[in-house]
Amino acid sequence: DTDSDAGDTLSVTGVSNGTGGIVTNGAGATFTPTGLAAAQTPIDANFSASGSDLGGFAYTDNFIGGAGHTGSAADGSHAASGNGNGGALHIALGGVNGSDLTNMNGAYTRTFNLAVAAVVTIQFDYRLQLSGPTENGEDVWALARIDGTSLVTGGIVDELDGHGTGSGSSDDTDWQTFTTTVNLTAGSHTLDLGGLMTAKTDADETATVDFDNVKVSSPAVIFTSGAFDYSVSDGTGADSGHVTITGQSGSTLTGTSAS
């Protein structure tokens, strides 16, 4: 320890070897932790009941490619009824006429930006409905992707299967909530929320997929640990040591005794 008699001025003459942060020695010793980030919520879309509120999303037919269909066999629009607050993103599939069609699909897409890399939570509500006359192999899927990669193993968030002989009653998942976490880099990313009907052979074979309350968020990244070396002098004597940071609250760091 340096001399701490009254009237002495203690000055920091050097700091170095910052671990878990950057150490500077300007007007005083400053330890600046690295890798910190404020909370981020680039998407928080609830879709109003009136108008055409798509929450920044844009609809595209045939978003997974292949032998898809545009127009009325796959159509996206704003729905006036959603899960609890009015509106929703709506995809209507199938129907139209008695032609045999397959792979009818579409998706809503939105691009967002992250200021820093983060573990991101993606959450949304969804609902699937399938008409009673559908048969084996005439199914409906809910799909979700981030940057072209499915959010679930196997690619399907949820599904309803056709009714075998085509004489069943309509099916409805009611509103369900999907949540997952993904590691994303800083920069631009794209979220796709889609629906697909695998096949239909008659005009009364239809399916719908709805999405509501879409949120993409990450928590604040706070300082957890770090250390630095220091040198101090009071003009008479000098000392050096090492401090390990054990906690942080606001602008206050708590550390071990110097060693």
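Note that the structure is predicted; figures quoted are calculated from it, not measured.
- With hydrophobic clusters built from ILVMFWY side chains whose heavy atoms lie under 4.5 angstrom apart, Val182 shares a cluster with Val152.
- Annotation: side chain of Ile91 is not in contact with side chain of Asp75 (no heavy-atom distance under 4.5 Å).
- Thr181 contributes no side-chain N or O that, together with a main-chain N or O of Val119, makes up a donor-acceptor pair within less than 3.5 Å.
- Residues Arg127 and Thr208 are not in side-chain contact: their nearest non-hydrogen atoms beyond the backbone lie 4.5 Å or more apart.
- In this structure, the side chain of His90 does not engage the main chain of Ser77 through any donor-acceptor pair within 3.5 Å.
- Checking side-chain atoms of Thr180 against main-chain N and O of Ile122 turns up no donor-acceptor pair under 3.5 Å.
- Screening residues 45-59 for salt bridge (Lys or Arg N to Asp or Glu O under 4.0 Å) gives no qualifying pairs among residues at least two apart or on separate chains.
- With contacts defined as side-chain heavy-atom distances shorter than 4.5 Å, the pair Ile146/Leu151 qualifies.
- Checked against Phe124 for a side chain to side chain contact (heavy atoms under 4.5 Å, CB included), the options Val216, Val214, Leu89 give a single hit: Val214.
- Distance alone, capped at 3.5 Å, is enough to place a donor-acceptor pair between the Asp139 side chain and the Gly162 backbone.
- Under the 3.5 Å distance criterion, with hydrogens and angles disregarded, a donor-acceptor pair is assigned to the side chains of Glu138 and Thr201.
- Minimum heavy-atom separation, His242 to Asp229: ND1-OD1, 2.5 Å.
- One N or O on the side chain of Lys200 and one on the backbone of Ser99 form a donor-acceptor pair closer than 3.5 Å.
- Contact annotation: the side chain of Val157 never approaches that of Gln176 to less than 4.5 Å [non-hydrogen atoms, C-beta and beyond].
- Under a 3.5 Å cut-off, the side chain of Asn105 and the backbone N or O of Phe63 do form a donor-acceptor pair.
- Distance alone, capped at 3.5 Å, is enough to place a donor-acceptor pair between the Thr198 side chain and the Gly137 backbone.
- The two residues Ala79 and Asp210 have their closest heavy-atom pair at CB-OD1, 4.2 Å.
- The CG atom of Asn46 lies 9.5 Å from the CG atom of Asp125; values are rounded to the nearest 0.5 Å.
- Side-chain contact between Leu184 and Asp147: present, with at least one pair of heavy atoms (C-beta onward) separated by less than 4.5 Å.
- Pro42 places none of its side-chain heavy atoms less than 4.5 Å from the side chain of Asn113.
- Side chains of Thr109 and Asp192: a donor on one and an acceptor on the other come within 3.5 Å.
- In this structure, Gly94 and Met197 approach most closely via the heavy-atom pair CA-SD, 3.8 Å.
- Smallest separation of non-hydrogen atoms from Leu128 and Val209: CD2-CG2, 3.4 Å.
- With sequence neighbours excluded, the residues that form a side-chain contact (heavy atoms from CB on, under 4.5 Å) with Thr185 are His189.
- With sequence neighbours excluded, no residue forms a salt bridge (charged side-chain N to carboxylate O under 4.0 Å, His left out) with Arg110.
- Here the CG atom belonging to Asp174 is positioned 8.5 Å from the CD atom belonging to Gln129, to the nearest 0.5 angstrom.
- In this structure the side chain of Asp44 never reaches within 4.5 angstrom of the side chain of Gln123, judged on heavy atoms.
- Taken from CG in Leu160 to OG in Ser131, the straight-line distance is 10.5 Å, to the nearest 0.5 Å.
- Aromatic rings from Tyr126 and Phe211 are positioned such that their centres are separated by 6.0 Å or more.
- Between Tyr108 and the options Phe47, Phe57, Tyr59, a ring-ring contact (aromatic ring centres under 6.0 Å, His included) holds for only Tyr59.
- Looking only at distances, a side-chain donor or acceptor of Gln40 sits under 3.5 Å from a matching main-chain atom of Ala115.
- Using a distance-only test at 3.5 Å, with no hydrogens or angles considered, no donor-acceptor pair links the side chain of Glu159 to the main chain of Ile156.
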